[in-house]
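Just so it is clear, the model here is predicted, and its values are computed rather than measured. Chain letters run A, B, ... following the sequence lines, proteins first and then strands; every chain starts at 1.
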Amino acid sequence: MPKVTLSHFEAALLFSLCASLVLGVVTKRTDRERLVYGAYCFAWFVVVLFGLGWLMYLGHG
Amino acid sequence: MSSKQKKPPKEPMPPLNVWGPAVALAWFVPGGGHFLLKRYGRAGLLLLAVVTMFLFGLMMRGEFLKPQGGDLLTMVMYYGGFVCNVLTGIPYMIAVWFGYAQPDVAGAVHDYGTKFLVTAGLLNVLAMVDAYEIAIGKKS
């Protein structure tokens, strides 16, 4: 098994993508709703990722 | 008017043979429950998401958590992590069978890997619940 070294950002992005995909698939009832909800979840993951990143950067001084 | 409101009657549990095979297969093979219920597209997406997360967890050299005693938080984390790992199904069994036993080492990448392995199991639980709801006719 090859070893992979991802940065924090890459790992968090991959995590968001997989989690959004599953949340989109299992939550809604039509394909369109699933697509929209998956994209919505992914967008929120990314927004929170950047938000927390900046918060940690600013809080660190 | 009485202060106690009557609870609506509880719906009876659907028979095991209706949902059992789909849920069991959903646990064993990520997306397998949906495949059994002829939701091929969704089955493929679930398989892709869970297996991708699991494989990246392995490639980042994440640790399989094992049940461990101690204080409450440690117990919840290690027992919960172990259960989540097992809930990934066959990918976990294959990895263990091939002797994957990464020790806990310090480092952000390993830590991410451990979380990826645990989350793959949690995502599979969501897939199992969805397969259950489709099997009993609550969802299409």
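In the displayed structure, Leu16(B) atom CG is contacted under 6.0 Å by more than 12 heavy atoms of other residues, nucleotides or ligands. Within a 6.0 Å sphere centred on NZ of Lys139(B), other residues, nucleotides and ligands contribute more than 12 heavy atoms.
One hydrophobic cluster, built from ILVMFWY side chains closer than 4.5 Å, cannot hold both Leu37(B) and Val29(B); they sit in different ones. Clustering ILVMFWY residues whenever any of their side-chain heavy atoms sit less than 4.5 angstrom apart, transitively, puts Leu122(B) in a cluster other than the one holding Val50(B). Phe82(B) and Met77(B) fall into different hydrophobic clusters, defined by Ile, Leu, Val, Met, Phe, Trp and Tyr side-chain heavy atoms under 4.5 Å apart, directly or through other members. There is a path of hydrophobic side-chain contacts, each under 4.5 Å, that joins Met13(B) to Val23(B). No path of Ile, Leu, Val, Met, Phe, Trp and Tyr side chains, each step under 4.5 Å between heavy atoms, connects Tyr78(B) with Phe64(B), placing them in separate hydrophobic clusters.
Neither the backbone nor the side chain of Thr30(A) comes within contact range of chain B; no heavy atoms are under 4.5 Å apart. Residue His34(B) does not touch chain A at all, counting heavy-atom pairs closer than 4.5 Å. Using a 4.5 Å cut-off between heavy atoms, Leu21(A) touches chain B through its side chain atoms alone. Contacts of Leu23(A) with chain B are made by side-chain atoms alone, with heavy-atom separations under 4.5 Å and no backbone atom involved.
Contacts between residues 34-54 of chain A and chain B, defined by a heavy-atom separation under 4.5 Å, are made by Arg34(A).
With chain B as partner, the option from Cys18(A), Ser20(A), Gly24(A) having the largest number of non-hydrogen pairs under 4.5 angstrom is Cys18(A).
With Val26(A) as the fixed residue, the side chain to side chain contact (heavy atoms under 4.5 Å, CB included) test singles out one of Ile134(B), Leu45(B), Leu46(B), Val129(B): Leu46(B).
Taking both residues in full, the closest heavy atoms of Met60(B) and Ala11(A) are given as CE-CB, 4.0 Å, listed atom of the first, atom of the second, then distance.
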**Request:** Please lay out, stage by stage, how Phe56(B) and Leu14(A) fare under the test side chain to side chain contact (heavy atoms under 4.5 Å, CB included).
**Result:** CA-CA 9 Å; Phe56(B) 268 91; Leu14(A) 182 68; 3.3 Å; yes
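Interatomic distance, Arg42(B) CZ to Asp31(A) CG, rounded to the nearest 0.5 Å: 7.0 Å. Rounding to the nearest 0.5 angstrom, the gap separating the OG1 atom in Thr27(A) from the CG atom in Leu126(B) is 7.5 Å.
Side-chain contact between Phe15(A) and Thr119(B) is present, with at least one heavy-atom pair separated by less than 4.5 Å. By the 4.5 Å heavy-atom criterion applied to side chains, Arg61(B) and Lys3(A) are counted as neighbours.
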